[in-house]
Amino acid sequence: MCGIVGYVGSNDAIDVLLNGLSGLEYRGYDSAGVALANGTLAVHKREGELAALESTLPTAELRGRSNGIGHTRWSTHGPPSDANAHPHTDDEGRVAVVHNGIIENYQSLRDELTADGVTFESETDTEVVPHLIGRALEEGMAPETAFRAAIDRIEGSYAVAAVFAGSETIHAARRASPLVLGIGDDGYYLASDAPAFIEYTDRVVYLEDGEFARLSPEEVVVTDSSGTVVEPSVETIEWDAEDAGKSGYDHYMLKEIHEQPTALRQCLRGRVDELTGTVTLEELDALESSSPVQFVACGTSYHAALFGATLLRDRGVPAQSFLASEYSTDRIPVDSSTLVVGVTQSGETADTMRALREANRAGAETVAVTNVVGSSAARECDHALYIRAGPEIGVAATKTFASQQVALTLLACRLSDGSNHDVIRTLRDVPDQVQTVLDTSQATEIAAEYAESDAFFFIGRGYQYPVALEGALKLKEISYRHAEGFAAGELKHGPLALVTEETPVFALVTGDDERAHKTVSNVKEVEARDAPVVAVTDGQTDVERYADHVLEVPASNEIGAAVTANVQLQLVAYWVAHRLGRSIDKPRHLAKSVTVE
Ligand code: AGP
């Protein structure tokens, strides 16, 4: 997964491209590069984060050019290096190409081109594209025809943009990788994601799979795979550059943690009526099937899916959640009565997309629960339920998880019978309760106490089990510390052997039901083995007696407590990583959206 950006217009292209790339770095930061056209192609690329490229870029020399493309990379084929950085060019320097996705038949194309005398400079799959274009130019094709001919030869997923020496036009195409066009007053933009150009324009066109775009100083022309001109649908983005910036926080992650009350209010707006107890999800008006429900998702979204499946089962609807990478309709019964729900913040995760495509082929009705309007998942599915969290830039998902929890609660209400009054009251209070946690959390003290620990364990039951998994994932991905989440009852079946006085155990104990009291018993087992215990609790049990520290959450039911307890764990993860000096927004080896299987 990578980020691509392009611009043609009356401003200096280099400034727009560098700004755009900084807005896309969450998509990958192994290397970065730009190519400026309308003259001899000027290609500059460098291993490392964007700052490494900027430090060597002759920016002043590049001013005055009106069009160009840029790329920020997350390696798939070939390690991070200057040579593997995009843009890639043909032998003669006639065309430069940036690409996000995977070219599945690149090896056979590379063999064919090598046999033709082409010398490859990189190990990437992408480099076949400029060489295919170069060969088509040699055969006498015009740039646009040559570009289309090359795209016709490649298989797999791609968002590709190309510029030609001496030309002001940018050519682009997409299949199964995101590509959005920006329609500005000072020019036209393209990018993997709108934050790359939101400070210039909020008018966007989401390119459909199989479509091509031609951006020139005068116009944007969108065509389908046969070359027929398509009337683009121009949409207006509802958030602005300030929403996508850090707003004074040290990291996007901390900003996004603090945005949760607003995000949750947005998710609920217009969807619940407290008086009548009704939940209205207009996006799902046409939904027919409702049972059984199969969730497919990865990572944090999978934890939200576990939460959603628990909710549905508790409301009498058969539901299961699957890791998307393990989901296969060959082995899991799916038919036209099955509802398959893909939970994916980005809407671009390759594993989830594959699972959703399989489900569609098997005849299931599909819903994408996603944050990104116009994302691949939203397009693939019969219906899209938007979580409305606003842009999330930090690689670690935070506000989108909370918004998924709330959106899935609404979905559970929509799919089940029975009264929703209690749930709606809970959801109404959750944004303020999250704010209370943000205002009063002692997470920095806990982080100071335990940042150097050997390992961290998280335990919870029922609705708090996915939160335990999520707490551990958050901590490990940004702090690089070993962390595991367990169903509280499982601890004694093996993991207890790992518990020592150097391994803090975070116990999620909320409510006053049987599950909460059983978890208190598990806490006693841990305490008896001298492990430090941090109880995340609403004080309804006596767990505090056995805990070394307490992180308080407001009293609520299991849904509200699962949201607020998770916020405490997000803060712990953030402050541990902060103390350890980690690269919080861009953790090593990770990317915001993983578009490879
Ligand atoms: C979350 O912090 C991770 N970055 C990761 O697990 C993520 O949730 C996963 O890759 C799924 O992404 P998606 O929601 O965009 O599909």
Side-chain angles (χ1 to χ4, degrees), residues 1 292-313 318-329 331-332 334 338-359 364 366-372 375-377 380-381 385 387 389 392 394-409 411-412 458-478 483-487 490 508 559 562-563 565-566 569-570 573 587 590-597:
M1 128 133 180
V293 179
Q294 296 176 352
F295 289 96
V296 291
C298 306
T300 289
S301 293
Y302 173 69
H303 301 151
L306 285 172
F307 172 83
T310 308
L311 256 170
L312 277 168
R313 287 195 300 268
Q320 277 177 289
S321 39
F322 296 90
L323 286 165
S325 54
E326 293 290 323
Y327 184 81
S328 162
T329 52
R331 294 186 291 275
I332 296 159
V334 174
T338 314
L339 180 65
V340 176
V341 180
V343 186
T344 165
Q345 177 282 128
S346 62
E348 303 294 344
T349 301
D351 290 321
T352 309
M353 286 304 301
R354 184 204 51 77
L356 287 170
R357 283 192 198 105
E358 269 198 38
T366 49
V367 176
V369 177
T370 182
N371 195 30
V372 181
S375 59
S376 298
E380 176 68 29
C381 291
L385 174 61
I387 63 171
E392 187 178 72
V395 164
T398 51
K399 64 174 176 172
T400 54
F401 178 73
S403 299
Q404 286 168 340
Q405 287 177 304
V406 166
L408 291 176
T409 305
L411 180 67
F458 296 79
I459 58 171
R461 275 170 199 262
Y463 293 87
Q464 296 290 14
Y465 168 50
V467 178
L469 297 179
E470 175 59 10
L473 176 65
K474 213 79 320 175
L475 186 70
K476 72 181 99 171
E477 69 180 329
I478 61 165
E484 296 297 334
F486 301 106
E490 277 296 295
L508 300 156
I559 298 168
V563 179
N566 185 61
L569 299 188
Q570 291 171 346
L590 301 180
K592 182 68 181 163
S593 128
V594 183
T595 51
V596 292
E597 291 181 49

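Computed over heavy atoms, backbone and side chain alike; hydrogens, waters and symmetry mates excluded.
Just one residue in the list Gln405, Gln570, His303 forms a side-chain hydrogen bond (donor to acceptor under 3.5 Å, both in side chains) with Glu470, and that residue is His303.
Among residues at least two apart or in separate chains, there is no salt bridge (charged side-chain N to carboxylate O under 4.0 Å, His left out) pair with a member in residues 318-328. For residues 460-469, there are no salt bridge (charged side-chain N to carboxylate O under 4.0 Å, His left out) pairs, not counting sequence neighbours.
When the salt bridge (Lys or Arg N to Asp or Glu O under 4.0 Å) test is applied to Glu348, no partner is found at least two apart in sequence or on another chain. Remark: Val340 engages Gln294, Val296, Tyr327, Thr338, Leu356, Ala359, Ala364, Thr366 in a side chain to side chain contact (heavy atoms under 4.5 Å, CB included) (not counting sequence neighbours). Every salt bridge (Lys or Arg N to Asp or Glu O under 4.0 Å) that Lys399 has, sequence neighbours left out, goes to Glu259. Not counting sequence neighbours, Phe295 has no partner by the ring-ring contact (aromatic ring centres under 6.0 Å, His included) test. With sequence neighbours excluded, the residues forming a side chain to side chain contact (heavy atoms under 4.5 Å, CB included) with Ala468 are Phe458, Leu508, listed by chain and number. Under the ring-ring contact (aromatic ring centres under 6.0 Å, His included) criterion, Tyr463 pairs with Phe307, not counting sequence neighbours. In terms of the side-chain hydrogen bond (donor to acceptor under 3.5 Å, both in side chains) criterion, Thr409 has no residue partners (sequence neighbours excluded). The ring-ring contact (aromatic ring centres under 6.0 Å, His included) search around Phe401 returns none, not counting sequence neighbours. Residues that satisfy the side chain to side chain contact (heavy atoms under 4.5 Å, CB included) test with Glu490, not counting sequence neighbours, are Ala487, His493. Residues passing the side chain to side chain contact (heavy atoms under 4.5 Å, CB included) test with Glu597 are Ala350, Asp351, Arg354, sequence neighbours excluded.
In this structure, Leu306 CG and Leu323 CG are separated by 8.0 Å, a value rounded to the nearest 0.5 Å.
Inter-residue side-chain proximity for Ser301 and Gln404 is flagged as met; some heavy-atom pair is nearer than 4.5 Å. Proximity of Ile387 to Thr370: side-chain heavy atoms (C-beta onward) are nowhere separated by under 4.5 Å.
Of the possible polar contacts, none joining the Lys476 side chain to the Glu484 backbone as a donor-acceptor pair under 3.5 Å is found. Side chain of Asn371 to backbone of Ser346: no donor-acceptor contact under 3.5 angstrom is found. Remark: the backbone N or O of Pro318 is not paired with any side-chain donor or acceptor of Arg313 at under 3.5 angstrom.
Between Lys474 and Thr398, the side chains place no donor N or O within less than 3.5 Å of an acceptor N or O (distance only, hydrogens not considered). Side-chain contact of Glu392 with Thr400: a donor-acceptor pair under 3.5 Å is present, judged by distance alone.
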